[in-house]
Amino acid sequence: MKSTHPTIALVGNPNTGKTTLFNALSGLNQRVGNYPGVTVETKKGKFHWQGQTFNVIDLPGAYSLAARSPDEMVAVDVILGREEGEAKPDVVVAIVDASNLERNLYLTTQLFELGVPVVVALNMMDVAAAQGITIDVARLSERLNVPVIPVQANKSKGIQELKAAVAKAVGASPPKLAPSFPPAFEEEVASLGRKLAGDVPSFLLRRLLIDVGGQTERLFKTETHNHLDEYLDSARARLAQAGCGVPAIEARVRYGWIRQATADCLHRPVQRPPSWTDRIDAVLTHRVWGLLVFLAIMFIVFQSIFAWAKPLMEAIGAGQEWLGAWVGAGLEPGPLRSLLVDGVVKGVGSVLVFLPQILILFAFVAVLEDCGYMARAAYLMDRLMARAGLNGKSFIPLLSSMACAVPGIMAARVIENRRDRFATIVVAPLMSCSARLPVYALLIGAFLASPEEASITNWGWWRPGVVLFAMYCLGLVLAPLVAFALKRTLLRGETPVFVMEMPLYKRPSVRIVARRAIEAGWQFVYRAGTLILASMIVIWALLYFPATHPSGDNYDRLLAERQADRDRWEEQADDLAKELEDRPDSDKQRQLQAMRTTIEAMDDEIRELQQAWKAQSYLGRVGRWLEPMVRPLGWDWRIGLAALASFPAREVMVGTLGLIFQQGEGDASEEGYQLQLGRRLQEATWDDEPTRKLFNVPVALSIMVFFALCCQCASTLAVIKRETHSWRWPAFTFVYMTTLAYLGALLVYQVGSLWSGV
Amino acid sequence: MNWQLTVALAFVALASVYLARRAYRSWSAATRGDGCGGCGCAAAPAPRDQSQRRISLSRYMVRRQQ
């Protein structure tokens, strides 16, 4: 149903603070970022002014109404009122970066021709002032013949004045001033209008002439004249002869008009002294220093994830252990207790324990985004991307994929060229997302971090950070290589030129950083409490049933009996040991020794019983069928099974390993289940060779490489299907990534085993 | 059937239904977004085919006259 409230569209160049202004107007909390392309879809909100309600739409950034990329097209269609079910805007608010006035006014002059009232919001006045730029706002308003309101959206300054101006503009007449094109051009516009017949607005006729092969041309061709090409070609040739060649004429006319309009109201220093941004950029965008700084920053981020997270992880682990003991104590041995203790508390808990690492990772990402560094990283990567046939614009989606591939793939909408966009979408899942972090952290913690070596003098301290960084780099290096292959085969096409505006550096906002980290943490907890919990319950069932021992008894009951026997023996052995401390006695010493040997035998029996149970479970049977395929990677059926089970969500791998290797009561210890899980993995042996350790460094690396490269994520495949409107691309992505992951894991295990001799 | 088994199976059934529903929504939601749910993209709208969302040129002309 059509809203009766006036609709206000926020339009502007990328990274001019549209979403910040939208948040300030509507009181909402949409995500903002200090780099272009954060908003790729429309966002809607409301604001009230003097008892009246206004609908407000935040649009993706656009430099011009000559849309090239899908996100720009969304903006243009909404502004033009061509969006189905979307009210035609009653007022357009043109957000203009005051520190870059002329270039931003280019889009504004196009808006003047749409026949809709326009209000100019002059944002970033503080930045302009810092650069010595002064703007006579009243005079600018007079020159442009529209209201111009200075605002500072991030501090909510000027918002009330803007609301008042918008309210006043509703129903007012559209701007009367606009750049005039040369008579030769206008004659062609009139002639085109006559040819097309009907009342085609002159704005559209201009776009039709100017945007060669653009959206407007495609539209008219399909909807009106199938033989429009020839006419347009000859019209453009006539314009070129008359010195009005398209598309250059538009830039010449508009910038000429803007220069005149701003001549006596814009004052900038004759010679701009180098700013802090210029000085920092000299280092951060330098081809050598910039890369070194990038590597150093990444190393610090990943090392911090390990160093800072440990105390919090231990606290969560202790809480989880307490909960497990409490639930276990309240129930008799049986399926429900096993489900709650093994499946829920240990399974989900072994994933949830990585919450501190997620918080730290996202806090760092938010700092780097908000201070303006991400755009520099994209610039640095442009060289690498260009060699792969992509451009730096692809780097932002790839970088977003480090949090999660789904928004990363959606961020590819900023890429104009379809082939480049598809190539970026297909390689984006290669970037290590936060769901892989628990897998990396578990295996690095268990096999590659050596607490006893953790001192700066013996260089052991850097290992976790370097290995984690290497895992993230793996995707970063392979993504351009895969894109290179695609751009020369399936998606052949020229490498586009990369143009990206560098945002100014600024001090990261504590609010934005905290919000991003808390949001990420909440989403991780939500995911653990929904998808991972449900997956763990189903996996538990598939590992639990059938629970009948060949003797006809129930495995659960048998294990509980054995465990109770074992605990009794241990209690007696402890009592005897205490007695021996007070009164040494050689006979009793031998008796104690025999008891210890019996306890060990009972432990072996319990372990064998557990393994036999798992092996004959439904999932165990699948795992054993799978084993020949994963054995070359150094994995047994249990690891293969955990990898297979993690298809709904990658974190499930950790939970499944917890279910398989941690079943039982669990030792009461200070380290918590997660660290216990690491220890259990260190102690695990092959079923058929009980003296041979299952996990070692090459196996751990092989698992990590497999996870770094495989596409174990149903949501990612679903979003690829949605973005490409085809089943072909998700199928292709799954096949190539699984192949790559298998080969990578195979290579790492085989070379690692040869190297280390294990 | 012992009560623990009954309750455990009820949990398993609920979890299976949840996973199936989620998988269906992820794969079939062409017009409304349903991402993985853990990354803030669950509410993200599905990409629009602009040519289908756009009103026809003739309707647009009429709309502009209003």
Side-chain angles (χ1 to χ4, degrees), chain A residues 31 41 70 73-74 77 80-85 88 115 198-201 215 219-220 223-224 331-332 334-339 403-404 406-407 410 413 433-435 519-520 523-524 526-528 530-531 533-538 540-541 544 648-649 713-716 718-719 721-723 725, chain B:
Chain A
R31 203 187 140 207
E41 269 290 349
M73 204 56 232
V74 172
D77 279 342
L80 292 177
R82 294 214 56 201
E83 183 92 350
E84 184 73 66
K88 183 184 161 197
D199 188 17
V200 181
Q215 298 281 345
L219 184 75
F220 272 86
E223 290 197 27
T224 55
L331 284 168
E332 288 294 309
L336 185 61
R337 188 171 95 152
S338 173
L339 168 66
C404 172
V406 174
M410 283 160 58
R413 292 181 203 172
C433 61
S434 58
E519 251 178 32
Q523 282 155 8
F524 181 73
Y526 174 81
R527 192 169 154 89
T530 52
L531 179 62
L533 173 66
S535 305
M536 290 317 305
I537 290 175
V538 172
W540 168 85
Y544 187 91
C713 181
S715 304
T716 299
V719 83
K721 185 211 151 203
R722 274 165 43 194
E723 295 289 320
H725 300 289
Chain B
M1 202 191 294
N2 87 43
W3 73 272
Q4 281 210 21
L5 185 62
T6 312
V7 178
L9 286 177
F11 277 126
V12 174
L14 279 175
S16 307
V17 169
Y18 175 80
L19 287 178
R21 179 176 162 269
R22 200 183 169 99
Y24 170 77
R25 288 179 66 186
S26 281
W27 286 96
S28 66
T31 52
R32 59 176 304 282
D34 194 357
C36 57
C39 61
C41 55
R48 292 178 290 188
D49 185 345
Q50 279 305 111
S51 58
Q52 283 175 16
R53 298 273 307 172
R54 198 176 288 143
I55 59 172
S56 70
L57 200 58
S58 50
R59 272 183 62 202
Y60 174 62
M61 302 299 181
V62 174
R63 205 172 181 181
R64 281 188 60 87
Q65 304 306 320
Q66 290 167 351

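By convention in this document, chain letters (A, B, ...) are assigned in the order of the sequence lines, proteins followed by strands, and residues within each chain are numbered from 1.
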**Study point:** Listed partners of A/L533 passing side chain to side chain contact (heavy atoms under 4.5 Å, CB included), at least two apart
**Key:**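 For A/L533, the residues satisfying side chain to side chain contact (heavy atoms under 4.5 Å, CB included) (neighbours in sequence not counted) are A/V344, A/V348, A/I537.
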Check your understanding: Between A/L339 and B/A8, which heavy-atom pair has the shortest distance, and what is it?
Key -> CD2-CA, 4.0 Å
**Study point:** Closest non-hydrogen atom pair between B/Q4 and A/E332, with its separation
**Key:**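 Scanning both residues completely, I find the closest heavy atoms to be NE2-O, 2.9 Å.
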Review point. Using non-hydrogen atoms only, which part of A/S434 is less than 4.5 Å away from chain B: side chain, backbone, both, or neither?
Key: neither
Study note, to complete from the structure: Turns out that what part of A/S535 lies under 4.5 Å from chain B's heavy atoms comes down to both
Check your understanding: If you tally heavy-atom pairs under 4.5 Å against chain B, which of A/A435, A/C433, A/A534 wins?
Key -> A/A534
Exercise for review: Check each atom of B/F11 against the heavy atoms of chain A and say whether the ones under 4.5 Å are side chain, backbone, both or neither.
Suggested key: both
Revision key, fill the gap. Interatomic distance, CG@A/L531 vs CG@B/L19, rounded to 0.5 Å, equals 6.5 Å
Exercise for review: Among B/V7, B/L5, B/N2, find the one that has a side-chain contact (heavy atoms from CB on, under 4.5 Å) with A/L336.
Suggested key: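 Checked B/V7, B/L5, B/N2 against A/L336; only one passes side-chain contact (heavy atoms from CB on, under 4.5 Å): B/V7.
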